[in-house]
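To start, the structure under review is shown below, and the notes come after it.
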Amino acid sequence: MMTNAPADWYPDPEYPGQLRYWDGTAWTVNRAPAPRAVAVAAAPSAPDAAAPANRDATPAVLALVLAIVGFVLGVLPFAAWFAWLAFVPALILAIRVLVRRRAGRGSSISAIVIAGIGWLFSLVVGLGSFALLPAGGPSTPEAATVSSSTPTASPTAGAPPATPSAGPTPTVPVLPGLGQAVTSRSGVSFTVTGVECGLGAQEDVFGDVAPKGQFCRIDFVVANGSTQPQNLSASDVFGYIGNARYEADSGLARFGDDDYFSTVNPGLAVDCTAFFDVPAGASLDRVKLITSWWGGDGATVTLR
């Protein structure tokens with residue numbers, strides 16, 4: 001109840017939100033909307049300058065590439081032991097990308113997964129590589145032994161006791177020779193049937209091939225007694241003079257009716273010919289057929 005208030009506009013007691021005029025003694029009928037208070041909004045503070053996001057995805061991509069390289073090495077016999085050279089930097093790069101929230105998180109996660117799986121593969125393949133290594137000594141089919149002993153004379157009556165013999169001479173491993181079959185551990189038989197050195201130019205399917213020194217021709221038979229097909233090519237036959245190794249000429253090699261290469265299935269045999277380019281006046285000491293590259297399996301025959 002307003003009694004002594006001076007005439008003016010005041011908040012309407014009947015209608016909140018409006019103004020009503022008080023003439024000094026009573027309320028009049030004059031009303032007006034109450035002006036709304038204009039809230040002065042505080043000026044928005046400038047957002048903190050965010051650190052620029054690093055959009056360089058090179059570390060993540062590099063981590064993925066290293067992980068893939070390590071995976072490939074990890075599934076190859078013998079090379080599996082070197083896979084960690086790619087896995088370790090791949091894991092370091094990928095983890096740094098994730099910790100620092102750099103670009104390429106997806107590539108980093110893929111690199112970690114591939115490196116982890118590849119590491120397990122490399123361990124299994126690496127351990128399995130030991131099973132493929134050749135035995136330390138010559139196998140029974142490839143080397144024969146020759147033993148000799150000095151007979152001891154029987155003592156006679158009245159003679160001084162004979163000096164005790166030193167016992168049998170230790171056995172000496174001897175490689176099979178020309179015309180003798182030698183069988184690799186995988187069951188592939190290798191028999192050299194002929195050797196001829198001092199040969200000149202030979203004819204292949206494209207024409208004459210002249211040696212840089214002289215050709216040595218090796219005729220041999222390969223019989224597959226294993227349970228798997230045996231692939232033959234010039235790169236499977238090596239000749240030796242001392243410690244020097246010689247490759248067969250790929251254009252002159254013949255395997256039965258096939259040039260360059262052939263496949264011998266289990267239970268079958270094929271007549272083969274290989275030519276080796278050796279220095280003039282020299283001749284091969286021995287020749288070897290490789291029957292399993294990964295395991296180093298093969299059969300060697302001496303030509304002396």
Side-chain angles (χ1 to χ4, degrees), residues 42-137 139 184-188 226-238 240 243-248 250-251 260-261 263 288-300:
S45 59
D48 294 337
N54 193 329
R55 298 296 181 184
D56 185 10
T58 302
V61 174
L62 180 58
L64 181 58
V65 171
L66 288 172
I68 294 174
V69 171
F71 188 91
V72 173
L73 291 175
V75 298
L76 296 176
F78 303 109
W81 292 111
F82 302 97
W84 64 271
L85 294 175
F87 286 144
V88 170
L91 289 172
I92 293 175
L93 285 173
I95 292 173
R96 290 184 63 182
V97 168
L98 295 178
V99 171
R100 298 185 179 184
R101 298 183 178 180
R102 300 168 69 106
R105 292 172 59 85
S107 297
S108 300
I109 295 174
S110 299
I112 292 174
V113 173
I114 294 174
I117 297 175
W119 207 315
L120 294 177
F121 271 101
S122 66
L123 289 176
V124 174
V125 175
L127 293 175
S129 299
F130 286 111
L132 299 177
L133 293 176
S139 59
S184 68
R185 292 192 302 273
S186 59
V188 178
S226 70
T227 59
Q228 301 295 326
Q230 178 67 40
N231 295 320
L232 294 176
S233 68
S235 60
D236 296 320
V237 187
F238 292 98
Y240 293 86
N243 294 326
R245 185 175 73 171
Y246 293 82
E247 293 184 353
S250 60
Y260 306 114
F261 62 90
T263 299
K288 181 175 183 179
L289 174 69
I290 301 296
T291 57
S292 174
W293 279 99
W294 287 117
D297 190 17
T300 303

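Because the structure is a prediction, the values reported are computed rather than measured.
- Legend: residues meeting side chain to side chain contact (heavy atoms under 4.5 Å, CB included) with Leu85, ordered by chain and number and at least two apart, are Phe82.
- Rounding to the nearest 0.5 angstrom, the gap separating the OG1 atom in Thr291 from the CG atom in Leu232 is 10.0 Å.
- By the side chain to side chain contact (heavy atoms under 4.5 Å, CB included) test, Ile114 pairs with Leu64, Ala67, Ile68, Phe71, sequence neighbours left out.
- The shortest heavy-atom contact between Ala299 and Ser184 is CB-N, 4.4 Å.
- With sequence neighbours left out, the side chain to side chain donor-acceptor pair (under 3.5 Å) criterion links Ser226 to Asn224.
- Contact annotation: the side chain of Val97 never approaches that of Leu93 to less than 4.5 Å [non-hydrogen atoms, C-beta and beyond].
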Throw together a table of side-chain donor-acceptor distances under 3.5 angstrom for residues 117-125, partners on residues two or more places apart or in other chains.
unit_1: Ser122; atom_1: OG; unit_2: Gly118; atom_2: O; d: 3.4
unit_1: Ser122; atom_1: OG; unit_2: Trp119; atom_2: O; d: 2.7

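- In this structure, Arg105 and Leu98 approach most closely via the heavy-atom pair NH1-O, 3.6 Å.
- The shortest heavy-atom contact between Ser233 and Ser235 is OG-OG, 2.8 Å.
- In terms of heavy atoms, Val188 sits closest to Gln230 at CG2-OE1, 3.4 Å.
- Note that the CZ atom of Phe261 and the CG atom of Asp236 stand 12.0 Å from one another [nearest 0.5 Å].
- Contacts of Ser250 classified as side chain to side chain donor-acceptor pair (under 3.5 Å), with partners at least two apart in sequence or in another chain: none.
- Within the model, atoms CZ of Arg96 and CG of Leu91 stand 13.5 Å from one another, a figure rounded to the nearest 0.5 Å.
- Closest of all the heavy-atom pairs between Ser108 and Ala60 is OG-CB, 3.5 Å.
- Remark: Ala248 engages Ala234, Ala274, Phe276 in a side chain to side chain contact (heavy atoms under 4.5 Å, CB included) (not counting sequence neighbours).
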